[in-house]
Number of protein chains: 2
Amino acid sequence: MIPSHLRQNPLFQGLTGCDLTLLLGYAHEKTTKRATAFFHAGDTADRCFLLLEGHVKLSQTTPSGAQGAARLIGAGDIFGWAGVMGQARYPGTAESLAACRALAWDTGRMRQTLLATPRLTLTLLTLMGARLREAESRVLDLATARVDQRLARTLLRQSSAAALPLTRQDLAELCGTTLYTVSRTLRRWEQAGWLRLGRGSLRVLSRPALAALAEPPDAS
Amino acid sequence: MIPSHLRQNPLFQGLTGCDLTLLLGYAHEKTTKRATAFFHAGDTADRCFLLLEGHVKLSQTTPSGAQGAARLIGAGDIFGWAGVMGQARYPGTAESLAACRALAWDTGRMRQTLLATPRLTLTLLTLMGARLREAESRVLDLATARVDQRLARTLLRQSSAAALPLTRQDLAELCGTTLYTVSRTLRRWEQAGWLRLGRGSLRVLSRPALAALAEPPDAS
DNA sequence: CGGTTAGTTGACGCTCTTCAACGAATGTGG
DNA sequence: CCACATTCGTTGAAGAGCGTCAACTAACCG
């Protein structure tokens, strides 16, 4: 009943079989097609998710709605836990970039489960800590690095998951710039032979070249 | 023995007196003068802190060490919990901006306490969630707003805590820019009569003026 | 096969960083 | 108490980097 690969998810590490059964007992399975929202910014945060298959884009927009910032969620990652962490509403929007399969729990019941399962809470704290550090390193990046460095890093990080349907707009939100600058930069790199571009697809041909750009130029 | 204002700290909400006594039982009290480091980036993350009095600057620098990003910690806030959340080393440096008094716990014992005190773990998760959201909204800010908007927001957020000894460099790190731009911008605002500047001090005279700047210009 | 979405590219110029030089405040040791 | 070093702050000039606007082309979709 419980697939073994699920058992190995970081979220479940250290749990007893009993805890795990309880937890999965009230999980709903949710599947979506491409370009479907799990939730929107401002919705009541009454669900939390574990992504089993597919890719999800988490994005925030300014009040004026002009631009946004995004991060990607892959298989095995959790998302939408704002409610569990005491927020009434989701701060951002979650949208599937591909067909997805996810587990969903009710926020209130999850909070109760956490009180009864300290091990799970501590794991969750660790996962959130990792995410916090990631966000803070992104702040540092935005404040110090140039667009092409950030874009190179983003590509290197994501290029393993082959062929995500990322538009120029998506990439711009991932690395904090505009779709125009992304388009120009990618084109330049394609002409240098480091990438192969397509509509909503992208293959990295030379990781070393991008890695060299990602690092600040060594003055040595 | 346990001061009542301490009891009301968000970190301790919902704990039994017994839990609280246990927790405070192995806390060390640490006091520092101005400009003293609690820990440096890369140190073994073996302590976690609750700030009782004073102000602390948490800062990260790039590998090349050129610039940095910072956030401020005030009385009642926690900091240095990277170890509790599973990191071996501190990702940043914590330095006192004023004379400080803080409680310090051993990371390993705290993790054990968390396993025995789910209520505390859940509270911690909530606090970390708030910090995560703050970091993510900062990412959005850096990606979309201009320097003067970010600076205005930073001043509005911090101006209640009167007269922090923040240098131009500190302010620059808080809002992701250079000390030169901060200096110029503050000067401009002082000449407009919105601020009173001093060496390492700063008073906001017109919050409305700053608030107007903080919002993106309404095209309506 | 029209309508829509995604991508490209040029031109323009604003914002902000960078470098350099100087002035003012603070702390320190004789 | 004063000369000194040090830290902090200011300001000008120059131009790199990147956002913005506009116009156009190419791919996708029912």
Side-chain angles (χ1 to χ4, degrees), chain A residues 33-35 57 62 64-69 95 97 140-152 154 163-192 195-203 213 216-217 219, chain B residues 33-35 57 62 64-69 95 97 140-152 154 163-192 195-203 213 216-217 219:
Chain A
K33 311 204 307 183
R34 213 195 66 114
K57 182 179 76 164
T62 61
S64 55
Q67 313 190 3
E95 181 196 343
L97 291 172
L140 184 60
D141 233 43
L142 280 166
T144 61
R146 283 190 326 238
V147 167
D148 52 2
Q149 294 168 348
R150 301 201 301 264
L151 185 54
T154 303
L164 295 190
L166 291 178
T167 65
R168 302 290 179 268
Q169 175 69 43
D170 291 332
L171 276 171
E173 291 180 357
L174 283 175
C175 68
T177 181
T178 64
L179 71 98
Y180 308 106
T181 302
V182 170
S183 178
R184 274 184 252 268
T185 307
L186 290 185
R187 213 81 225 302
R188 198 150 35 83
W189 291 348
E190 184 186 40
Q191 275 156 23
L195 306 174
R196 182 98 224 156
L197 295 182
R199 187 186 168 97
S201 78
L202 182 156
R203 195 149 27 110
L213 266 181
Chain B
K33 310 204 309 183
R34 212 194 66 114
K57 182 178 75 163
T62 59
S64 57
Q67 313 190 4
E95 181 196 344
L97 290 173
L140 184 60
D141 234 43
L142 280 166
T144 62
R146 282 190 328 230
V147 167
D148 53 0
Q149 294 169 347
R150 301 201 300 264
L151 185 54
T154 303
L164 295 190
L166 291 178
T167 65
R168 303 289 180 268
Q169 174 69 42
D170 291 332
L171 277 172
E173 291 180 356
L174 283 175
C175 69
T177 180
T178 64
L179 70 97
Y180 308 106
T181 303
V182 170
S183 178
R184 274 184 252 267
T185 308
L186 291 184
R187 214 80 224 300
R188 196 151 35 85
W189 290 349
E190 184 185 40
Q191 276 157 21
L195 305 174
R196 182 96 224 156
L197 295 182
R199 187 188 170 95
S201 78
L202 181 155
R203 195 151 25 114
L213 265 181

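Here is how names work: the chains are called A, B, and so on, in the same order as the sequence lines, proteins then strands, and each is numbered from 1. In what follows, every heavy atom counts, from backbone to side chain, and hydrogens, waters and symmetry copies are set aside.
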Rounding to 0.5 Å, atoms CG (B:Asp148) and OG1 (B:Thr181) come to a distance of 10.5 Å

Where do N or O atoms of nucleotides 17-21 of chain D meet protein N or O atoms at under 3.5 Å, pair by pair?
| from | atom 1 | to | atom 2 | distance (Å) |
| --- | --- | --- | --- | --- |
| D:dC18 | OP1 | A:Val147 | N | 2.9 |
| D:dG19 | OP1 | A:Thr177 | OG1 | 3.2 |
| D:dG19 | OP2 | A:Thr177 | OG1 | 2.6 |
| D:dG19 | OP2 | A:Thr178 | OG1 | 3.3 |
| D:dG19 | OP2 | A:Thr181 | OG1 | 2.7 |
| D:dT20 | OP2 | A:Gln67 | NE2 | 3.1 |
| D:dT20 | O4 | A:Arg184 | NH2 | 2.8 |

When rounded to the nearest 0.5 Å, the distance separating CZ of A:Arg203 from CG of A:Leu195 is 10.5 Å

CD (B:Glu173) and OG1 (B:Thr154) are apart, to the nearest 0.5 Å, by 12.5 Å

Between CG of B:Leu142 and P of C:dC16 the distance, given in whole Å, is 12 Å

When rounded to whole Å, the CZ to P distance for the pair A:Arg196 and C:dG7 reads 16 Å

**OP:** Please confirm whether the backbone N or O of B:Glu190 pairs with a side-chain atom of B:Arg196, one donor and one acceptor, at under 3.5 Å?
**Re:** no

Residues A:Leu197 and A:Arg168: closest non-hydrogen pair is CD1-NH2, 4.0 Å

Using atom names, set out every protein N or O paired with an N or O of nucleotides 6-9 of chain D below 3.5 Å, distance rounded to 0.1 Å.
| from | atom 1 | to | atom 2 | distance (Å) |
| --- | --- | --- | --- | --- |
| D:dT7 | O2 | B:Arg199 | NH2 | 2.9 |
| D:dC8 | O4' | B:Arg199 | NH2 | 2.9 |
| D:dG9 | OP1 | B:Gly200 | N | 3.3 |
| D:dG9 | OP2 | B:Arg168 | N | 2.9 |

Rounded to whole Å, the CG-C1' distance (A:Leu186 to C:dT9) equals 14 Å

Exercise. Test side-chain contact (heavy atoms from CB on, under 4.5 Å) on B:Arg34 and B:Leu97 and set out the steps.
Key: CA-CA 5 Å; B:Arg34 212 194 66 114; B:Leu97 290 173; 5.8 Å; no

- Under 4.5 Å between any side-chain heavy atoms of B:Leu186 and B:Leu171, yes or no? yes

Taken to the nearest 0.5 Å, the spacing of A:Gln169 CD from A:Tyr180 OH works out to 8.5 Å

In short, the helix from C:dC1-D:dG30 to C:dG30-D:dC1 is bent end to end, axes from five pairs each side, to 10°, by 50°

CG of A:Leu166 to NZ of A:Lys57, rounded to nearest 0.5 Å, is 8.5 Å

For the residue pair B:Arg184 and B:Arg187, establish whether any side-chain heavy-atom pair is separated by less than 4.5 Å. no

A:Gln191 CD to C:dT8 P, in whole Å, measures 10 Å

